[in-house]
Amino acid sequence: IHSQLCANPPTVIPRPSSSDMSDRRKADAADRLIRHAMRTYALPEVFAQATYYSLLFGTGFIKTTWDVNAGEPLDFDEESGELTMEGDISFKAISARNMYVDPDATRWSEVKYVMEQLYMPYEEAVYRFPDKKELLEKYRREQTGYSKGGEPVIFDNGFRMSPYDVVEIYEYWEKGLPYNGMIGRYCYFLPNGELLSPIKPNPFRFSPPADRGLDLPEETRNKKELLATAYLPYHCLTDIDVGGSVWGRSFIAYQAPLQSTHNRILSSILDCVQAHGVTRVLLPEGAEIADKSITNS
């Protein structure tokens, strides 16, 4: 199923709104931009990971943000050692194990806030939060194969290695709502709830389109165009929808019990054969094996 999803990824095809040459050129430019983004940001790989999480856990997430530490370097201050980067868009597939979603929401559009668990390298954490070095040292985890309670850390698959020398950090995102001025909230904090960064407006904000509210009076329309609304930088994908819940359900939840029952039936058959002391060969229907090839040697 995952191979089929990867072979048929989501596509976006811009089409001109009219036969006018300018509209056709705009559609062509949009198409070139989409194909450039697919190659530059490896979007097929991101979608492949997100669909893998969706099939495994029932829910997958894609995170779209602006990374200030990405892109090309622009300036370097030798005295302070501060490096200014160009910044670039970041696309990541996030595992459902690392997501804490608003529990009161029954669908994704109702989600007010999201918390994401991060294992940030210790050196990067000190770089991002230099004034919190003592706290970061306290929560520094040089070995993450086991949790603080002594239980082994459960990963998404058996090939994932335990991260080394990291700090467990949580990232809080809140979307724009009337009681927060439509600008949302955003911060980093530690597992004990202590803030690593001050609570500030959600940086994932966008202004309304220029054509929205054209039927309103000019004064109201001008004011409306200046208001930017904060959104959650996550896109949610579910396998099997569950009524009254944001989370989806994996088909494995239905297939695993049936497979387990099938395995127990086969085991019982083999036990009966062994108990009777008679050797039998179990073959699928249609197997072409000559009788002479089976001996009692």
Side-chain angles (χ1 to χ4, degrees), residues 1-13 34-35 38-39 41-63 91-101 106-108 117 119 144-147 149-164 234-297:
I1 295 176
H2 186 240
S3 298
Q4 294 176 358
L5 290 172
C6 294
N8 298 277
T11 58
V12 179
I13 303 177
I34 292 171
R35 287 189 278 115
M38 295 284 287
R39 294 190 304 267
Y41 302 107
L43 293 183
E45 182 178 355
V46 176
F47 278 105
Q49 293 177 346
T51 52
Y52 167 79
Y53 289 139
S54 300
L55 295 174
L56 182 62
F57 301 120
T59 309
F61 297 91
I62 295 179
K63 184 180 182 181
F91 298 93
K92 293 182 180 179
I94 308 298
S95 170
R97 293 189 185 274
N98 300 332
M99 295 293 294
Y100 297 87
V101 181
T106 60
R107 54 181 180 172
W108 181 250
Q117 183 185 32
Y119 285 112
T144 57
Y146 289 86
S147 62
E151 298 295 331
V153 177
I154 300 176
F155 295 113
D156 301 333
N157 56 67
F159 296 97
R160 179 175 174 182
M161 302 299 293
S162 300
Y164 176 77
Y234 297 93
H235 309 275
C236 181
L237 177 65
T238 57
D239 183 15
I240 302 175
D241 291 337
V242 178
S245 175
V246 175
W247 300 98
R249 189 175 178 87
S250 173
F251 76 98
I252 300 176
Y254 302 94
Q255 184 69 23
L258 297 176
Q259 184 66 44
S260 178
T261 303
H262 183 258
N263 292 339
R264 288 197 297 268
I265 294 175
L266 289 180
S267 298
S268 299
I269 294 176
L270 294 176
D271 291 340
C272 291
V273 171
Q274 185 177 7
H276 286 78
V278 180
T279 303
R280 293 287 185 269
V281 180
L282 303 180
L283 300 174
E285 184 179 358
E288 297 178 359
I289 297 181
D291 295 339
K292 297 181 179 180
S293 62
I294 302 177
T295 65
N296 62 351
S297 172

Handout entry: Side chain to side chain, M99 and W247, heavy atoms closer than 4.5 Å
Key = yes
Problem - Beyond-backbone contact of V46 with I62, side-chain heavy atoms, under 4.5 angstrom - result: yes
Exercise for the section: Classify the angle between the aromatic ring planes of Y234 and F61 as parallel (below 30°), tilted (30 to 60°) or perpendicular (above 60°). Expected result: perpendicular
Nearest heavy atoms of [X] and [Y], plus distance in Å:
X	Y	answer
K63	I94	CB-CG1, 3.9 Å
S95	F57	OG-CE1, 3.6 Å
W108	V101	CZ3-CG1, 4.3 Å
M38	P44	O-CD, 3.5 Å
R97	Q117	O-OE1, 4.2 Å
R249	V242	CB-CG2, 3.8 Å

Exercise for the section: Can you sort out the partners of R107 under salt bridge (Lys or Arg N to Asp or Glu O under 4.0 Å), two or more places apart, ordered by chain and number? Expected result: E110
Problem - Nearest-0.5 Å distance that lies between atom NE2 in H235 and atom CZ in F91 - result: 7.5 Å
Exercise for the section: Look up atom CD1 in I1 and atom CZ in F251, then write down how far apart they are to the nearest 0.5 Å. Expected result: 4.0 Å
Practice task
List for me each residue that meets side-chain hydrogen bond (donor to acceptor under 3.5 Å, both in side chains) alongside D271, sequence neighbours excluded, and say none if there are none.
Solution key: none
Practice task
List the steps and the verdict of side-chain hydrogen bond (donor to acceptor under 3.5 Å, both in side chains) for S260 and R264.
Solution key: CA-CA 6 Å; S260 178; R264 288 197 297 268; 2.9 Å; yes
Problem - For I265, all residues meeting side-chain contact (heavy atoms from CB on, under 4.5 Å), sequence neighbours excluded - result: T261, I269
Practice task
For T51 and L5, indicate whether the former's side chain and the latter's backbone hold a donor-acceptor pair under 3.5 Å.
Solution key: no
Exercise for the section: Mark yes or no for whether S54, through its side chain, and T59, through its backbone, hold a donor-acceptor pair below 3.5 Å. Expected result: no
